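Keep in mind the model is a prediction, meaning the values are calculated, not measured. In the text below, chain A, chain B and the rest are named by the order of the sequence lines, each starting its count at 1.
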Number of protein chains: 2
Amino acid sequence: MTSSYPLQSTRQLSSQAVVEVLLREAPLSRVQIAKITGLSKQTVNEIVRQLEAEGWVSEHGTSQGDVGRRAVTYSMQPGAGFVIGVDVGATKLRVALSDLAGSVVSQAEDATELRGGPHVFDQIHAMCVGLAEDAGVPWARILTSAFGSPGVFNSETGHLDLAPNVPGLEGLDVAGALRDRLGHEIVLDNDVNMAVVGERWRGAARECSNFAFVALGTGIGMGIYMDGAVRRGAHGAAGEIGYAPFVNDPFQPSLHRHGPLEEKLSSQGFSAAYEALTGEHAPPETVFERQAAGEPAAAQVVEAYVRQIALVLSTVTAFLDPELIVVGGGIGSRPELVGELLPHYRRLAANTAEIRTSALGARASLVGAIAVALNHAHTRLFAADVPQKLPLPTPGAGAEPPARSVR
Amino acid sequence: MTSSYPLQSTRQLSSQAVVEVLLREAPLSRVQIAKITGLSKQTVNEIVRQLEAEGWVSEHGTSQGDVGRRAVTYSMQPGAGFVIGVDVGATKLRVALSDLAGSVVSQAEDATELRGGPHVFDQIHAMCVGLAEDAGVPWARILTSAFGSPGVFNSETGHLDLAPNVPGLEGLDVAGALRDRLGHEIVLDNDVNMAVVGERWRGAARECSNFAFVALGTGIGMGIYMDGAVRRGAHGAAGEIGYAPFVNDPFQPSLHRHGPLEEKLSSQGFSAAYEALTGEHAPPETVFERQAAGEPAAAQVVEAYVRQIALVLSTVTAFLDPELIVVGGGIGSRPELVGELLPHYRRLAANTAEIRTSALGARASLVGAIAVALNHAHTRLFAADVPQKLPLPTPGAGAEPPARSVR
DNA sequence: ATTAGTTCGTCAGGAGAGCGAACTAATGTC
DNA sequence: GACATTAGTTCGCTCTCCTGACGAACTAAT
């Protein structure tokens, strides 16, 4: 432990506080900022002045109506910097470009390159460049990109492990490859973890500091948000409930590639159950529609599925005691699912948590990736404890982003 | 969010750093402290001088032998303050008095008062006073007491919920009652959480920042240590795996008082299984002894039990991805258990964690309580953000503890 | 005994950051 | 037009830490 304490000079902490408040609560006067952050007027003054000089914030207008002198209000300068969020799905690739205030400027999606590895990197690079051009954003103003992808990201090697669904990424230095191609800082994380951040930022778990996100779809997975942060466990594999051995007979071998739970509760398992009953192969959506239409076989499959999920959720509750469980993913986002689940869940769980359907649906990971990228950018910009080196590479000879002076 | 940032004046952070270093690494010279903390010599000088003036640290000796001027070394003044740790078990009450450096000065244990409630408080009070007298410690020097107890502590009401094993505590303001009786600050937490802290401080999980502690004994419970802190969930009920519904048929009603898992995997369940097989009632220890002696029925019971535990542990692994799982409690502390478990566990879990037997055994909660009390005392003393008011109540007109001046 | 080299401890000066209080400026209300 | 109210600025002060210089104490070599 080489503890060293005033790592972050107080000023950086304060700056970051001001920026956060400004991002969260739109236009604010300096006095308002002072009240919210607890800093004094003068300190806020200095900070705002500096941020304005550096181009990060700008005057927004003046307050109106009340007695007393009118205040000048400030807001983040939206064009000062941008970030990219990417959701690398097994089938779909979603990319969004957002300004520093968190407004999405442009976005796109495409089928994921099936040829894998380098081809996916190329595809991502092309999509990002395309977005920037569409929005007229000089490439150098893009500060950070964040990527959500299935699998367990090993931050030491930069590899992505346990990602059977995306072909050809296993064993590659994904982090390095993407950083080199894009030319700026990147952040990589599990897509479910990204979804957690997304749901908390702009989804069903706002302001919630203890919740779990359970993704039901192609696979089954969980993201854990506890005490105000995503928890990843020792190797980044926390929440990999697909490997939890408590649905089938766990002592039976086989089923160890995708994990026993995943086997049964993924879209495939769902469809397989229906097929076993009817002889007809149908995707989950169809089965749900038929259940709604009153078909007995469909109802039976859904009922069995829902019971298993209720079992999983009550186990999650016993283990983690979340305030809320958000259910998402391809199947989980179906609005009727939670309704069907609840009675079973209530019967099983001792201290019940609230259960909600994902508010962001298929975009959860993407939104989360944006949030992570924004957060990373802000930390780098306003609380860096190392000398700042804004990467200014590759194309776009546009105006330089305002450089943050660091003494 | 009423964020306010320089809450802890920098000096307090620095002071705390110095104290921590001094606690950890025995006698140190000022220059050494400076090197370790990263503070400058002068800053350390000022802090040490102040701490010495206030009686918290004292000169220890001088360095010897090397070239150059000899340095004066300092260490914590052990008698400057004391804390009490208490483990309120269903059957046993354990109490220990420790100095600020973490050395246990005296300790005692007794059968828990079965008349419950106020009688237990009286008992605790009497034991604590007795310990202080034995050790010749004036009561006013005891800064904090920490209590580990079964059940879920509700920090809002001060009540202890879900504590069926300790009679007569339910529905009482335990926190308030204990504080009033002892006359100083107290901390209350679940006994398993205390054990977590204990195992990490001086047990099997030292230096480990992601681990789980699974207690197998009178009941079954888990404590979660993730990213460097105990995680309690939204209502303090995280880790209550006794309520996880995945061993018996979970959809069968009944079994909802103690939780389905607890029903089967507690000492009682264990003995009941043996009784069902042999017609003879025997406590778990006896069954284990007979298993070691080669009795088939005992072997069968142990085998079944061990398989269930392996199942639980592999689920824990899938959910939390710990680096390590420490198995403790009355049954769990038996050294042979982990050996029997391991093969099953390895077969079930995808990313295996290390599994160790508790190093502290029955004392885990007690040691943890001491650690928590110490930690609380240090924070109050050296990083308090509110004006310090050392409680100086009741008996013992001994020398006053050195008052920490706070401007 | 003298000298060199090393480490410890203190002092002085200065920089970064924050705060309270006093003061000026604008604006609405009676 | 007097007054209350709010916004913004300036000044002086405090806290805290750091750097650099320097003397003190000590070991090792000559």
Measure from the side chain of [X], starting at C-beta and using heavy atoms only, and say which of [options] lies closest.
X	options	answer
V31(A)	dA7(D), dG9(C), dT9(D)	dA7(D)
N45(B)	dT10(C), dG8(D), dT16(D)	dT10(C)
R49(A)	dT9(D), dT10(C), dT27(D)	dT9(D)

By side chain to side chain donor-acceptor pair (under 3.5 Å) - contacts of S98(B) (at least two apart): none

By side chain to side chain donor-acceptor pair (under 3.5 Å) - contacts of S58(B) (at least two apart): Q77(B)

Rounded (10°) bend between the five-pair end axes of the helix from dA1(C)-dT30(D) to dC30(C)-dG1(D): 10°

Contact list (N/O, under 3.5 angstrom) for nucleotides 19-23 of chain D vs protein:
residue	atom	partner	partner atom	Å
dT19(D)	O4	Q42(B)	NE2	2.3
dG20(D)	O6	Q42(B)	NE2	3.3
dG23(D)	N2	R69(B)	NH1	3.0

Salt bridge flag under 4.0 Å for residues D189(A) and R232(A): yes

Check salt bridge (Lys or Arg N to Asp or Glu O under 4.0 Å) between [X] and all other residues, then give those that pass, not counting sequence neighbours.
X	value
R202(A)	none
E323(B)	none
R30(A)	none

Pairing residues for A146(B) by the side chain to side chain contact (heavy atoms under 4.5 Å, CB included) criterion, not counting sequence neighbours: V187(B), M194(B), A369(B), V372(B), A373(B)

Those residues that, when tested against F211(A), pass ring pair (Phe, Tyr, Trp, His ring centres under 6.0 Å) (two or more places apart): Y225(A)

